[in-house]
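Below, chains carry the letters A, B, ... as their sequence lines are ordered, and counting in each starts from 1. Computation of the quantities below employed the complete heavy-atom set of this structure, encompassing side-chain atoms and omitting hydrogens, waters and symmetry-equivalent molecules.
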Amino acid sequence: MDTLELVRWISTALFVLLAGVTATLAFRLRRPAAYWAFATFTALAAVAVSGRLAPDVPPLWFSKLTVVMLLAFPWALFRFATSFERLPGWARHVGDVLAAALVLWTLAVPDFPAPNEEPSSGFQVYVLAVVALWVGLSIVVAVELWRGGRGQPTLTRRRMRLLSLGATVMSVAIIGAAYAPSDESSVWPILIQLLAIVAALAFLVGFTPPPLIRAAWRQPEERELYTSSLKLMSPASREEVAAMILPHIARVAGGSAAWIVDADGAPLATHGEVPAAGTDGFTAPAGPATVHVWPSVYAPFFSEEELRLMRRLSLLTGLAFERADALDREREARRGLEAANDELESFVYSASHDLKSPLIALLGYIDVIRDEYGGHFDEQGHWYLERMLHNGSYMESLIGDLLELSRVGRVDTEITPVPLGEVARQVADELSDRYPAADIRIGSLPTIWFNAARARQLFTNLIENACRYGGRPDIRVDVLSYHTSDGGIAIAIADDGVGIPEQYRDRIFGVFERLGSEELAGTGIGLAICTKIAEVAGGRLELVPTERGARFVISLPSTVRVPDGAGKEARA
Amino acid sequence: MREVLRVLVAEDNEDHLFFILRALRGVDGVQFEIDAVRDGEEALDFIYRRGRFADRERPHMILLDLKMPKVGGLEVLERIKQDPELRRIPIAVLSSSDRREDIDAAYDLGTNSYLVKNPTPDGIRRDLEDAGRFWSAISQLPTPPG
């Protein structure tokens, strides 16, 4: 078999393959465009096959039939292009009329010249008309498909432009077939067949790209899907999610317009011009909402995969909506909690303020009585007065501490580098008056970002607690610090006293909880204040189980650490 | 040093008023002539010589409780200190609050001193005695506006 025969068989095989491919498409998609594609390439395959099987000098009717089927190719291809409804209606009619006219002309042609015969001038005009119709229709198709690819997703665009290329190359092939020298020894017939093969391949890849090419050309849209689904993590409300994701959804589906509506039909976001009612769109569920996309007219035929991507993205958007809703609910709950908290704190503040007034009067009258009638009282009477005074003072401390508790975190919030060692030593000095026998040892404590007044409060409360509840005057209290496993700082105040019975270990942190009688002094609010101070700083206060004595540990996060060089560690 | 000093005391709590009067009585070397009013409205009527206070003389100084009904202490303070004629009268504010914000607010409005009512048996007595001594014997007082 020589080269020409070989390429003729190859091109025929490709055309038959194309017919099969378009048949599958038509069967699967069942759309007008697919049927027209099937018609187009069935006609071409029929021509190619019959060309292989034809005798050397075919009868007239055979030749005419061949030409009619040949004319069917550009006409059906033209109808394929117009089925996307982007060309005006009259263009379709013009194409139909011209094709019909040429078919009639074909039937009317008296005779076809033999292979070596000189064609008559009438026949030459006829051939010119056929070629002109072919090329004309093909050019319209090529331009339409090329331009239509603009703005489409990558895969769709490349497929459309491949089809456009195929149509163009076929036109060139036809021109060649009509006008190039056809003697079998020249190179032209082979070239023409090669052109036909190129066109067939272009059509094949355009209609059914192989998986590798498909995957490669889908990369931009896959990347878009990936980055936009990452972006879905940040917006915090439904509207933000919708506004952010909608352009991506529209782009991925190759559509010009899209919108997202919630369950009541109210739009959350719109993108592009929504076409008039009645235009078909694609709908995808997105959790509690729905995505509508109006894809381009090419999408149903070319963009199946893109529509699948769009559905995936819509599902992810649905998850983002649910997350945004959850965040909303959490925000609401937190706001409610903060409002209730604020109300409580301002109530505690004004209540403690109001309680001071009658207390002042009570205590003042005791003073007056002592002053004016003190001489009339015996020891017992004075003792009663003393108890009244004592209780009044106690009430004053309670009110003061309640006030303090309500103010932790709202007042005295200025943060500076605080040298804990110095503060602790000052507190120890002050306490040495009241507890002279106590042995308070301050270890090496760091400098941290804190509020100086609150730090002092912490040490005062905790160290004094140790002295007060330790059970003996010569109690030893150690104040140490160490690094915690998460990079934070812990400060421990440990004593070797009687410790805290297990059943009280949780209760002591509550307000008004005391382990001794009032005689030991102390309002029972101190630990609650300390806990709150620690929590406001992002840490916590705990009672750590120990063999003997009590050990309180304040854990603070790593953010309180002052970088080295900005503060020195205090030495004992 | 004056023999007789006229003091306007504005205090709504009668017990606190009792302590204040008692304390001022205990200051040696001076006799305080005290007029007591029970709310801010009366205080302003007094100082502007309105109604039943029409023939009163202006006081040498004012002791002003902050928390009073009708018109509060801060408003009285502001009105007096913004009046060019009355501005010179020294005012000592009395309050149970020792909060920084409240102290600063009073001084911003022009108070001459700020006393905290301490809830201790002799808190008011001692502070008021000391204050009375200060204003009568140590610090010079201006002439009350005519």
Requested in this report: Please list, in residue-number order, every residue in residues 69-78 of chain B that has a heavy atom less than 4.5 Å from any heavy atom of chain A; write 'none' if there are none.
Outcome: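 Listed by number: none.
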Query raised in the report: For B:N13, is it the side chain, the backbone, both, or neither that has a heavy atom closer than 4.5 Å to a heavy atom of chain A?
Result: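 Just the side chain, heavy atoms under 4.5 Å.
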**Report entry** Segment of A:L389 engaging chain B (4.5 angstrom heavy-atom cut-off)
**Finding:**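 The side chain, not the backbone.
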Got more than 12 heavy atoms from elsewhere within 6.0 Å of [atom1], [X]?
{"X": "A:F347", "atom1": "CZ", "answer": "no"}
{"X": "B:E101", "atom1": "CD", "answer": "yes"}
{"X": "A:R540", "atom1": "CZ", "answer": "no"}
{"X": "A:D378", "atom1": "CG", "answer": "yes"}

Query - Spacing of OG1 belonging to B:T120 relative to CD1 belonging to A:I360, to within rounding of 0.5 Å - result: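 Here the rounded value is 8.5 Å.
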Query raised in the report: Taking only residues two or more places apart in sequence or in another chain, which ones pass side chain to side chain donor-acceptor pair (under 3.5 Å) with B:S95?
Result: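 For B:S95, the residues satisfying side chain to side chain donor-acceptor pair (under 3.5 Å) (neighbours in sequence not counted) are B:Y114.
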**Report entry** With sequence neighbours excluded, residues passing side chain to side chain donor-acceptor pair (under 3.5 Å) with A:E332
**Finding:**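 With neighbours one apart ignored, the set is A:R335.
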Query raised in the report: Would B:R126 and A:D367 satisfy salt bridge (Lys or Arg N to Asp or Glu O under 4.0 Å), going step by step from the backbone distance to the final call?
Result: CA-CA 11 Å; B:R126 281 217 260 195; A:D367 180 57; over 6 Å; no
Could you list the donor-acceptor pairs under 3.5 angstrom formed between side-chain atoms of residues 369-377 of chain A and any protein atom two or more places apart in sequence or on another chain?
| from | atom 1 | to | atom 2 | distance (Å) |
| --- | --- | --- | --- | --- |
| A:D371 | OD2 | B:R22 | NH2 | 2.7 |
| A:E372 | OE2 | B:R22 | NE | 2.8 |
| A:E372 | OE2 | B:R22 | NH2 | 3.3 |

Query raised in the report: Considering all heavy atoms of both residues, which atom of A:Y365 and which atom of B:F19 are nearest to each other, and what is their separation?
Result: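 Looks like N-CZ, 3.2 Å.
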Query - Contact summary for B:P119 and A:L363, nearest pair of heavy atoms - result: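 That closest heavy-atom pairing would be O-CD1, 2.9 Å.
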